[in-house]
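What follows is a short report on a single structure.
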There are 2 protein chains.
Amino acid sequence: MKVDSAFSHHNHHQCQTSAVEQARQLCEKNGVRFTKLREQLFTLIWQSHKPVTAYKLLDQIKGSDFSATPPTVYRTLDFLLDQGLIHRINSLNAFIGCCQPGKRHTGTFMICEQCDHALEVDNTNILNAIQKVSHQHNFQVKNYITEIYGFCPQCQSEKDNSEVQS
Amino acid sequence: MKVDSAFSHHNHHQCQTSAVEQARQLCEKNGVRFTKLREQLFTLIWQSHKPVTAYKLLDQIKGSDFSATPPTVYRTLDFLLDQGLIHRINSLNAFIGCCQPGKRHTGTFMICEQCDHALEVDNTNILNAIQKVSHQHNFQVKNYITEIYGFCPQCQSEKDNSEVQS
DNA sequence: AAATAAATGTTATAGTATTACATTATCTCT
DNA sequence: AGAGATAATGTAATACTATAACATTTATTT
């Protein structure tokens, strides 16, 4: 995926397809099963770059072969989280596909408050800063997440336009 | 409050009392009311350095003069959040007193997975890193939160001890 | 094919948060 | 001080998010 795809026009169908294929390969490599249910939910999560809630996914699998109940969805989400194939955006109670599965997880997201799209950024500066401050406090880091809220480039310019017009 | 108090023994009663007094003054300065209900809930939040959930607070105001229903608590929490007197730890659905009300909010927390205590750290390195990466992506930052999970100094040494004994 | 383990189905419930409207308390202005 | 406006709190209902416990089915191993 191109670096800033989440915030710009791109061939998302290809984006989605390659993510699914990558997930399949990663599961095979890790000796875990990428079942039909897991594939279907993972594909749904990758339908856009907007984080999606468990219950939205639940609605979307109604009518499919699968039992549309919360445990079905949550178990599958847990699996995908464990495999590092998706992330959870805590402030939104929502899930989003991971852009660099297999690579080290950085857990940094820029979330647009206007269009709800989220971009995962792989940033060593933030990681370094976190490790430094943790070390200063003698805190043993296991994991972290940084959620940055604001406006993406596109929504900024749209706001500017509407402000001019008003 | 001393810098690392959340993770070490300290006179917490004084910690709590001064937080309440500081909140009262800040509200007066900002022309908003620090009512009895707000004071009571704020005090409860400051009873420890563990983030506390809304429903735990709800339990604790049962028997008081106030209506122990969710809106009572959530409205008050919203007020305290708006005033920058508390923070919400998204991953825990829990709230914690702000250690530097009035000062610029950094939104960085180290959360111990063993004892559940959380320490708010005011760190320019993280802020700088966030601003840098946002600027790189032409993203307009409004707010952010960094939640760092791991083990605090005390729980690390306790773990070490128990490992030796086993 | 039997035994085992993994995945999914099913029912119930726990935990978190908001909406909408009623009532009470406080503030402002004359 | 009293009327009107505003802010705060009370109340009832409901929406949203997540997990527990146990049953059944499917896949893997031998």
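Note on naming: letters A, B, ... go to the chains in the order of the sequence lines (proteins, then strands), and numbering restarts at 1 for each one.
Ring-plane geometry between B:W46 and B:H12 is classed as parallel, the angle between the planes falling under 30 degrees on a 0 to 90 degree scale with a further cut at 60. Note: B:F42 and B:F34 have perpendicular aromatic rings, judged against thresholds of 30 and 60 degrees for the angle between ring planes.
Rounded to an integer number of Å, the gap from A:D65 CG to D:dT25 P is 16 Å. Computed from coordinates, the B:Y55 OH to D:dT17 C1' distance equals 12 Å when rounded to whole Å. Atom CZ of A:F79 is separated from atom C1' of D:dT19 by 20 Å (rounded to the nearest Å). The separation between B:L77 atom CG and D:dT9 atom C1' is 14 Å, rounded to whole Å. One atom, CD of A:Q40, and another, C1' of C:dT8, lie 13 Å apart when rounded to the nearest Å. A:K36 has its NZ atom 22 Å from the P atom of D:dT25, to the nearest Å. Here the P atom of nucleotide D:dT9 and the CG atom of B:D78 are 12 Å apart, to the nearest Å. For the pair A:E28 CD and D:dT28 P, the interatomic distance rounds to 12 Å; values are reported in whole Å.
Contact annotation: A:T35 side-chain N/O to C:dT8 OP1/OP2 distance is under 4.0 Å. Between A:T69 and the phosphate of C:dG9, there is no side-chain N or O to OP1/OP2 separation shorter than 4.0 Å. Between B:R38 and the phosphate of D:dA8, there is a side-chain N or O to OP1/OP2 separation shorter than 4.0 Å.
Taking only side-chain atoms of B:T53, from C-beta outward, the nucleotide of C:dT16, C:dG9, C:dT19 with the closest atom is C:dT16.
Judged as a side-chain hydrogen bond (donor to acceptor under 3.5 Å, both in side chains), the pairs with a partner in residues 27-41 of chain B (not counting sequence neighbours) are, in order, B:R24-B:E39.
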**Prompt:** Step by step, would you call B:I148 with B:F109 a side-chain contact (heavy atoms from CB on, under 4.5 Å)?
**Reply:** CA-CA 6 Å; B:I148 309 172; B:F109 300 90; over 6 Å; no
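Residue contacts for A:F66: at a heavy-atom cut-off of 4.0 Å it reaches the sugar-phosphate backbone alone, with no base atom in range.
Between A:R33 and A:R75, the one whose closest nucleotide on DNA chain D sits nearer the 5' end is A:R75. A residue-by-residue look at B:T72 and A:L92 shows that B:T72 has its nearest nucleotide of DNA chain D further toward the 5' end. When each of A:T76 and A:N93 is assigned the nucleotide of DNA chain C with its nearest heavy atom, A:T76 is the one assigned upstream, toward the 5' end.
To the nearest 0.5 Å, atom OG of residue B:S91 and atom CD1 of residue A:I89 are 12.5 Å apart.
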